[in-house]
Amino acid sequence: MKYSKQEVIQYVQEEDVKFIRLAFCDVFGKQKNISIMPEELPRAFEYGIAIDASAIDGFGDEAGSDLFLLPDPSTLAVLPWRPEHGRVIRLFCNIVYPNRSIFQCDTRSLLQKAIQDAKNAGVEFSFGAEMEFYLFQLDENSNPTQIPYDNAGYMDIAPDDKGENVRREICLTLEQMGIRPESSHHEDGPGQNEIDFRYSDPLSAADNAMTFQTVVKTVANRNGLYADFSPKPLSDKPGNGLHINISARKSDGEPILPFLIAGILDKISDITVFLNPCEKSYERFGKNKAPKYISWSEENRSQLIRVPAAIGEFRRAELRSPDPSANPYLAFSLLIYAGLYGIKKRLLPPDAVNINLFTVKPNVLANFKALPESLETAVYLMSESSFIKEILPRQIINIYSRNNINE
């Protein structure tokens, strides 16, 4: 349900809400929040709530540190793990300067602009995320270890799969927050899990991805576990992927999926640093179903992009290179613009590659262009890209161009 400002205020008054968390994220997608009391909510909607931007990486320094959070009433969600009496709700926010102009490093606003630019071009996008994570045991001081919660494998069942009840609790919690999980299962790695979402509009999908990580970490902690979304938690085991399902349709009904795929393939090297922003992101590529080469195919999971078996409105492209360390607002924005590039130019993808790129001989692989092999290479390709310079604010480009990108 999409709430209005007045409906949120009424909900707070009638449902015994005592705290409102105003949520946002930094440039790298790390979620932040500030809590306000119910009587401050009308002021938050009207004027915004001030924050010290100088304390947030990439948001500025002490010379110009005042920014304001403007809550989006449509994102109201109750936090089910907080008390029933004296409830806590969460609202995602946009970030603005004191004069109400958009803050350049607010990636949620950037995604809203990308959605509007697509709409102006007569194109509507939908996204669905498949996010993997590991569950690790905690030590006697409640600090994370690297001991997996179980030793189960792909789609194993209980009792080998010890994460079954944890995933169930996560899915039920997400449903209470208005998010619809589509499926869940144990992944390849020991203690590794995956929960998939039903596709939605890009902004809701990004908000849901942010909510998902919070819910998973909270539920894991309640069960005495640690949820790890890093790209490569265990050096000798499968990494965590963020598979992004993308579909697009034109208002005139013209089929445009091939153009979308071609645009993403054309710009993937330019945008990889934003999809894989950690050094360890690049240790995933080329093994355990994580692609290394720029190619596509129907159904084939060894390819960068695959088109899963589906018909009609469910037909989509699945991009398999990103990992959960990516900022979903930034990732979805760039994929929209890459897709629009292919659609506007009416690019056609190369021939589909219907072979397993994990098992073919090296002389065959020599015919394919590879993804960037390191974070350093990805940063260089991004910094040289005219496509990126046309789309992203200079501040974001500068932040991702630094050598101190944190894992």
Q: Set out, in order, the CA-CA distance, both residues' side-chain angles and the distance that settles side-chain hydrogen bond (donor to acceptor under 3.5 Å, both in side chains) for T145 and Q137, then state yes or no.
A: CA-CA 6 Å; T145 71; Q137 299 178 32; 5.7 Å; no
Q: To the nearest 0.5 Å, what is the distance between CH2 on W296 and CD1 on I261?
A: 5.0 Å
Q: Determine, for R306 against E318, whether the closest basic-nitrogen to carboxylate-oxygen distance falls under 4.0 angstrom.
A: yes
Q: Should the pair F133 and F229 be assigned to parallel (<30°), tilted (30 to 60°) or perpendicular (>60°) ring geometry?
A: tilted
Q: Would you check, one step at a time, whether the test side chain to side chain contact (heavy atoms under 4.5 Å, CB included) holds for L371 with Y293?
A: CA-CA 6 Å; L371 291 168; Y293 298 94; over 6 Å; no
Q: Taking C-beta and beyond as the side chain, do Y149 and F136 meet within less than 4.5 Å on heavy atoms?
A: no
Q: Can D323 and K232 be counted as an ion pair, charged N to O under 4.0 angstrom?
A: no
Q: Do F45 and L70 have side chains that approach each other closer than 4.5 Å (heavy atoms only, starting at C-beta)?
A: no
Q: Is it the case that the side chain of N327 and the backbone of V27 share a donor-acceptor pair, with hydrogens and angles ignored and the cut-off at 3.5 Å?
A: yes
Q: Has Q192 got a side-chain atom pairing as donor or acceptor with G239's backbone, closer than 3.5 angstrom?
A: yes
Q: F368 vs I294, test: side chain to side chain contact (heavy atoms under 4.5 Å, CB included). Steps then yes/no.
A: CA-CA 7 Å; F368 295 93; I294 301 174; over 6 Å; no
Q: Can you confirm whether R90 sits close enough to T211 that some side-chain heavy atom of one is under 4.5 Å from a side-chain heavy atom of the other?
A: yes
Q: Does any part of the side chain of L138, heavy atoms only, come nearer than 4.5 Å to the side chain of Y226, both counted from C-beta?
A: yes
Q: Flag yes if more than 12 heavy atoms outside N143 fall under 6.0 Å of its CG atom; otherwise flag no.
A: yes
Q: Assess the residue pair S230 and S325 against the criterion (side chain to side chain contact (heavy atoms under 4.5 Å, CB included)); give the C-alpha distance rounded to whole Å, side-chain angles, the decisive distance to 0.1 Å, and a yes or no.
A: CA-CA 6 Å; S230 64; S325 64; over 6 Å; no
Q: Determine yes or no for a side-chain-to-main-chain donor-acceptor pair under 3.5 angstrom, with S302 supplying the side chain and L357 the backbone.
A: yes
Q: Let me check something: any side-chain donor-acceptor pairs from residues 13-23 under 3.5 Å, sequence neighbours excluded? List them with distances.
A:
from: E14; atom 1: OE2; to: Q10; atom 2: NE2; distance (Å): 3.0
from: E15; atom 1: OE1; to: R87; atom 2: NH1; distance (Å): 3.3
from: D16; atom 1: OD2; to: G86; atom 2: N; distance (Å): 2.7

Q: Can you tell whether the side chains of K237 and D188 come within less than 4.0 Å, N to carboxylate O?
A: no
Q: In terms of ring plane angle, is the pair F127 and F332 parallel, tilted or perpendicular, where the classes change at 30° and 60°?
A: parallel
Q: Rounded to the nearest 0.5 Å, how far apart are CZ of R167 and CG of L174?
A: 13.5 Å
Q: Check the pair T377 / S374 against side-chain hydrogen bond (donor to acceptor under 3.5 Å, both in side chains), numbers first and verdict last.
A: CA-CA 5 Å; T377 302; S374 66; 3.0 Å; yes
Q: With side chains defined as the heavy atoms from C-beta onward, is the minimum distance between P277 and Y400 less than 4.5 Å?
A: yes
Q: For V353, does its backbone N or O pair with a side-chain atom of S297 as donor and acceptor, under 3.5 Å?
A: yes
Q: Is R43 paired with E40 through a side-chain N to carboxylate O contact shorter than 4.0 Å?
A: yes
Q: Can you check side-chain hydrogen bond (donor to acceptor under 3.5 Å, both in side chains) on Y134 and N193, steps first, answer last?
A: CA-CA 6 Å; Y134 274 80; N193 300 265; over 6 Å; no
Q: With no hydrogens and no angle check, is any side-chain donor or acceptor of D66 less than 3.5 Å from a backbone partner on Y97?
A: no
Q: Is a salt bridge present between E132 and R284, judged by a nitrogen-to-oxygen distance below 4.0 Å?
A: no
Q: What do you reckon, is CZ of R249 surrounded by more than 12 foreign heavy atoms closer than 6.0 Å?
A: no
Q: Report yes or no: is the cationic atom of K289 (NZ for Lys, CZ for Arg) closer than 6.0 Å to the six-membered ring centre of Y154, at no more than 45° off its axis?
A: yes
Q: Donor-acceptor check, side chain of S333 to backbone of Y329, threshold 3.5 angstrom: yes or no?
A: yes
Q: Please give me the minimum heavy-atom distance between D150 and G191, naming the atom from each residue.
A: OD1-N, 2.8 Å
Q: For residues 386-394, please give each side-chain donor-acceptor pair under 3.5 Å, one per line with the distance, not counting sequence neighbours.
A:
from: K389; atom 1: NZ; to: S383; atom 2: O; distance (Å): 3.4

Q: Just by distance, do the side chain of S385 and the backbone of L381 share a donor-acceptor pair under 3.5 Å?
A: no
Q: Show your reasoning for whether ring-ring contact (aromatic ring centres under 6.0 Å, His included) applies to F212 and F197.
A: CA-CA 10 Å; F212 176 73; F197 300 108; 5.1 Å; yes
Q: Go through it in stages, so that I can follow the logic: the residues are N276 and L375, the test is side chain to side chain contact (heavy atoms under 4.5 Å, CB included), and I'd like the CA-CA distance, side-chain angles, deciding distance and then a yes or no.
A: CA-CA 8 Å; N276 307 94; L375 178 61; over 6 Å; no
Q: Please answer whether the main-chain N or O of F92 pairs with a side-chain N or O of T75 as donor and acceptor at a distance below 3.5 Å.
A: yes
Q: More than 12 non-hydrogen atoms from neighbouring residues, nucleotides or ligands closer than 6.0 Å to CD on E373, yes or no?
A: no
Q: Please walk me through it: do N398 and S401 pass side-chain hydrogen bond (donor to acceptor under 3.5 Å, both in side chains)?
A: CA-CA 5 Å; N398 289 344; S401 293; 5.2 Å; no
Q: Quick one: are I51 and F24 in side-chain contact, heavy atoms under 4.5 Å?
A: yes
Q: Working to the nearest 0.5 angstrom, can you tell me the gap between L79 CG and T218 OG1?
A: 8.5 Å
Q: Does atom NZ (K287) have a neighbourhood of more than 12 heavy atoms from anything else shown, all under 6.0 Å?
A: yes
Q: Could you tell me if the side chain of D228 sits less than 4.5 Å from the side chain of P144, heavy atoms only?
A: no
Q: Is K267 close enough and on-axis enough to Y341, meaning under 6.0 Å and within 45°, for cation-pi?
A: yes
Q: Rounded to the nearest 0.5 Å, how far apart are OG of S269 and OH of Y380?
A: 12.5 Å
Q: Do the side chain of H186 and the main chain of G163 share a donor and acceptor less than 3.5 angstrom apart?
A: no
Q: If you count every heavy atom of other residues, nucleotides or ligands that lies below 6.0 Å from K32 atom NZ, does the total exceed 12?
A: yes
Q: Short question: side chain of Q176, backbone of W81 - any donor-acceptor pair under 3.5 Å?
A: no
Q: Return yes if a side-chain donor-acceptor contact under 3.5 Å exists between Q116 and N120, otherwise no.
A: yes
Q: Could you grab the distance from atom CZ of R301 to atom CG of N356, nearest 0.5 Å is fine?
A: 12.0 Å
Q: Is Y282 close to T272 at the side-chain level, that is, under 4.5 Å between some pair of heavy atoms?
A: yes
Q: Show the nearest heavy-atom pair for residues S74 and K2, with the distance to one decimal.
A: CB-CD, 3.8 Å
Q: Quick check on L234: does its CG atom have over 12 non-hydrogen neighbours (other residues, nucleotides or ligands) under 6.0 Å away?
A: yes
Q: Check R168 with E175, please: is the shortest side-chain N to carboxylate O separation under 4.0 Å?
A: no
Q: From E130 CD over to I244 CD1, what is the distance, rounded to the nearest 0.5 angstrom?
A: 10.0 Å
